[in-house]
**Student:** 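Sharing a structure, written as structure tokens. Questions coming.
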Amino acid sequence: MSAESTPRREVVTGEPRRVRPLPRYRAQSEIDEQTALGGAYVRSLMRSQLRAGLTVFAVLAIVAGTLPLVLEALGSDALVWGVLGFATCPPLTLAAWWYVRRAERNERDFARLVEGIPAP
């Protein structure tokens, strides 16, 4: 192809034809500016995290509170060490797993609220 047969490019400048959307109301700006609404958002996150922590603490307190009674009822030293060594680890691991999952879900819900993304 020769230079004469190539199409000529033209640049069109001017106002864009589409209208920009109005800025949406952002919860993040409320939090950054420390308004009353932003404080309510942060308090709700802290309250849900506290609720998860207190739930795990209550379950572990009940387990730890009844453990001396169970150990006293067993009587055998070998059985006591078996319960302490093996039977207490799964509930502790399960409680820690539940707490981490709940805390991450609370933070994910809070981030979704701040970003304005609707819940699935």
Side-chain angles (χ1 to χ4, degrees):
M1 289 184 101
S2 67
E4 297 142 3
S5 64
T6 58
R8 190 174 141 201
R9 294 186 160 241
E10 296 195 20
V11 178
V12 178
T13 60
E15 294 287 327
R17 298 272 178 186
R18 60 188 169 130
V19 178
R20 290 185 182 168
L22 294 173
R24 292 188 329 188
Y25 180 78
R26 300 287 300 191
Q28 186 172 2
S29 65
E30 293 287 335
I31 295 169
D32 291 340
E33 294 171 5
Q34 297 180 351
T35 62
L37 182 58
Y41 286 148
V42 173
R43 275 193 308 276
S44 73
L45 172 66
M46 298 306 292
R47 194 177 312 123
S48 61
Q49 296 289 52
L50 179 65
R51 188 179 312 122
L54 289 177
T55 302
V56 170
F57 177 75
V59 169
L60 291 179
I62 290 170
V63 169
T66 59
L67 193 58
L69 299 174
V70 171
L71 296 178
E72 185 63 33
L74 293 176
S76 170
D77 285 341
L79 207 51
V80 167
W81 282 109
V83 168
L84 284 176
F86 298 110
T88 56
C89 287
L92 290 175
T93 304
L94 185 64
W97 174 79
W98 181 86
Y99 174 74
V100 169
R101 234 183 97 161
R102 185 66 184 180
E104 288 176 349
R105 184 185 313 157
N106 290 339
E107 291 174 4
R108 193 171 40 246
D109 291 344
F110 180 75
R112 192 177 297 129
L113 172 73
V114 168
E115 292 170 0
I117 300 171

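Keep in mind it's a predicted model, so treat the numbers as computed, not measured.
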**Student:** Looking at residues at least two apart in the chain, or sitting in another chain, which of them share a side-chain contact (heavy atoms from CB on, under 4.5 Å) with Arg9?
**Tutor:** none
**Student:** Decide whether Met46 and Phe110 are clustered together by the hydrophobic rule: side chain heavy atoms of Ile, Leu, Val, Met, Phe, Trp, Tyr closer than 4.5 Å, transitively.
**Tutor:** yes
**Student:** Show me the donor-acceptor pairs within less than 3.5 Å that the side chains of residues 51-71 make with the rest of the protein, sequence neighbours left out.
**Tutor:**
unit_1	atom_1	unit_2	atom_2	d
Thr55	OG1	Arg51	O	2.7
Thr66	OG1	Ile62	O	3.0
Thr66	OG1	Val63	O	3.2

**Student:** Under the rule for salt bridge (Lys or Arg N to Asp or Glu O under 4.0 Å), what residues qualify as partners of Arg101, not counting sequence neighbours?
**Tutor:** none
**Student:** Filter on side-chain hydrogen bond (donor to acceptor under 3.5 Å, both in side chains), then keep only pairs touching residues 77-99, sequence neighbours left out; what's left?
**Tutor:** none
**Student:** Roughly how far, to the nearest 0.5 Å, is OG of Ser48 from CG of Asp109?
**Tutor:** 8.0 Å
**Student:** Holding to side chain to side chain donor-acceptor pair (under 3.5 Å), I want the full list of residues that pass it with Gln49, two or more places apart in sequence or in another chain.
**Tutor:** Asn106, Glu107
